[in-house]
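The sequence lines fix the lettering, A, B, ..., with proteins before strands; numbering per chain opens at 1.
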Amino acid sequence: MRRKTLIAASVFTLFAVSVGTVMAYFTFIKRAPLGGFETASTDVIVSAVEVDGQNIIPGGTQQFLYTIENVGTVPVHVKSQLETMWSDPLLDPNAVSGVSLAVDTGSGFQTVYDFPFALDGEFFFSEFGMEDALWELSPGQSWTVQVETMLDESVGLEYMMQSFDVEAVVAVKETGDQVPWPTN
Amino acid sequence: MKVRTSSRHSVTMGVSFTGILAFLSLSLLVRPQQLHSFFSGTVQAHVAQFTVPDFQAPTAVVTLTVGEREYSLDVNSSEDQQTQLELTGNEEKSIEVSTNLPFTVLEIMFSAVPNRYQSEPCLVIKNAVNDVLVLDCLEIQDTSPHVVVVPNTAGQDTLSFVSHLLSESVSITVKHQDVAVISAETQLELAVSDTSPVVVSSSLGEFTWIGGKYQFQLSDGEKNGEVQQSSIVLRDEAGNVSEFVLAVYPLPSPEELFYTRYIESNGGYHYLVIQTNGSWWQPLYVHPQTGEIITTTTGTYSTEFPMVRYLEPESFTAGMRPPFITDAIGHQVAVLSEL
């Protein structure tokens with residue numbers, strides 16, 4: 001009886017192993033690139049053409065230039081604002097005002113303002129600096145902004161030996177009338 | 001049973017409509033954000049820096065002390081002090097004058113030659129004390145500008161002009177109130193103020209006798225007179241310059257002044273004749289060494305320019321033909337008829 005049991009177990013084991021081998025399947029997963037999608041971007045680079053300190057005297061004018069390059073993937077509308085800071089914060093930022101503003105969009109400088117304006121005012125890149133008929137800055141394209149400033153001729157001696165820094169704040173958005181400007 | 005079912009049904013319908021409305025409302029509210037995201041952004045960059053240099057020229061006050069009398073002159077305010085007025089017909093006008101210095105230099109020009117008899121004199125200039133210039137129209141020969149030198153009197157604050165003209169007018173320009181006359185006893189002190197060290201250079205010590213250029217031939221030809229014009233130049237580290245032109249004349253005592261000569265800073269010159277007790281004096285050189293002083297501290301700096309007599313005074317008598325005489329280059333120059 002014991003032998004019978006042992007033989008039966010061996011036959012069953014042999015059968016199980018034989019059948020398992022026969023039932024094995026070959027499967028795999030194949031991956032192949034079919035193309036990709038990237039989200040659009042509206043990135044720009046703002047660069048000073050020259051940041052070396054220039055002297056400006058009361059009643060005198062000085063120019064500075066900066067560029068805005070669209071390094072994004074879609075055309076954008078652009079507006080800009082200038083933030084000004086005296087080395088002495090007690091001095092009047094409005095002592096320096098804008099005299100003229102022109103933009104080179106690739107075909108020479110085009111005047112936006114040719115009258116005195118506040119530097120910290122917002123201006124749009126369009127024919128008259130207004131928010132209509134905005135110019136499009138295409139990907140890869142670069143604009144050069146030329147600003148002429150003047151130091152009020154009546155400033156006192158407290159302005160002597162002080163420095164005046166200008167930062168450009170450039171806001172961009174996708175083209176389209178319904179597209180809102182960034183809020184910060 | 002029916003009633004209950006109906007009641008339940010109506011309640012169920014009510015909930016469904018409310019839910020639909022709420023869903024639609026929420027959909028409308030969130031729709032712009034959910035349907036479209038816009039790309040935008042802001043970039044900031046430092047684009048310019050300006051520096052305001054030292055734009056203030058050094059200021060200086062020159063003080064001339066003659067005995068107990070002291071004249072002071074603000075170098076920087078001595079520019080652009082010209083005042084102009086015009087008189088027509090019978091008119092009187094006044095200007096404020098400074099008695100800080102002994103003279104007011106005027107330029108007088110008639111619009112037309114009033115060479116016919118009118119109410120004479122046609123122009124009287126008077127200070128607080130008396131008439132200092134009386135012009136007869138019959139003596140007026142031209143419509144060129146003429147320089148007259150009017151003495152300032154202590155305590156005087158105005159100079160008055162009274163015209164008696166018909167159709168003519170006369171324009172009067174205050175050219176200078178900053179002409180000083182110094183004597184051998186005059187001490188010159190310079191107080192300089194600036195935010196950086198100042199180089200003070202003066203032609204006072206470098207003056208050479210120019211000879212013909214400043215040789216004057218009085219119209220009567222009796223004697224040459226010589227006048228010296230000097231300048232003090234103040235230059236700060238930033239290159240701002242103040243220049244003070246000083247006409248130097250010798251005069252033992254300002255109170256004895258009768259006539260003096262005056263040179264325009266642009267190189268033109270007019271007579272400003274000095275006569276003291278009948279003696280005419282040669283110019284005086286001041287500070288025989290090269291006068292360059294560097295202030296080493298900011299603020300006020302004072303120094304003194306010693307004075308050295310250059311030539312002995314020569315005496316002679318000059319005859320005047322008031323109200324105008326002719327100088328060496330043909331200008332007619334008015335002189336004071338009475339002081």
For the residue pair [X] and [Y], establish whether any side-chain heavy-atom pair is separated by less than 4.5 Å.
X: A:Thr149; Y: B:Phe50; result: yes
X: A:Phe164; Y: B:Val52; result: no
X: A:Met160; Y: B:Phe55; result: yes
X: A:Asp165; Y: B:His46; result: yes
X: B:Asp54; Y: A:Met161; result: yes

If you take all heavy atoms of B:Pro53 and A:Ile56, which pair is closest and at what distance? CD-O, 3.2 Å
Heavy-atom closest contact (A:Pro182 atom, B:Thr42 atom, distance): CG-OG1, 3.6 Å
More than 12 foreign heavy atoms under 6.0 Å from CD of A:Glu127: is that the case here? no
With respect to chain B, which residue among A:Val170, A:Val46, A:Val169 yields the maximal number of heavy-atom pairs within a distance under 4.5 Å? A:Val170
In terms of heavy-atom pairs under 4.5 Å with chain B, which of A:His77, A:Gln62, A:Lys79, A:Gln81 leads? A:Gln62
Heavy-atom cut-off 4.5 Å, strictly under: side chain, backbone, both or neither for A:Ile68 against chain B? neither
Chain B contact via A:Leu151 - which portion, at a heavy-atom distance below 4.5 Å: side chain
Are B:Gln44 and A:Glu83 linked by a side-chain donor-acceptor pair shorter than 3.5 Å? yes
Just verifying a value: how many Å separate B:Thr51 OG1 and A:Ile57 CD1, rounded to the nearest 0.5 Å? 13.5 Å
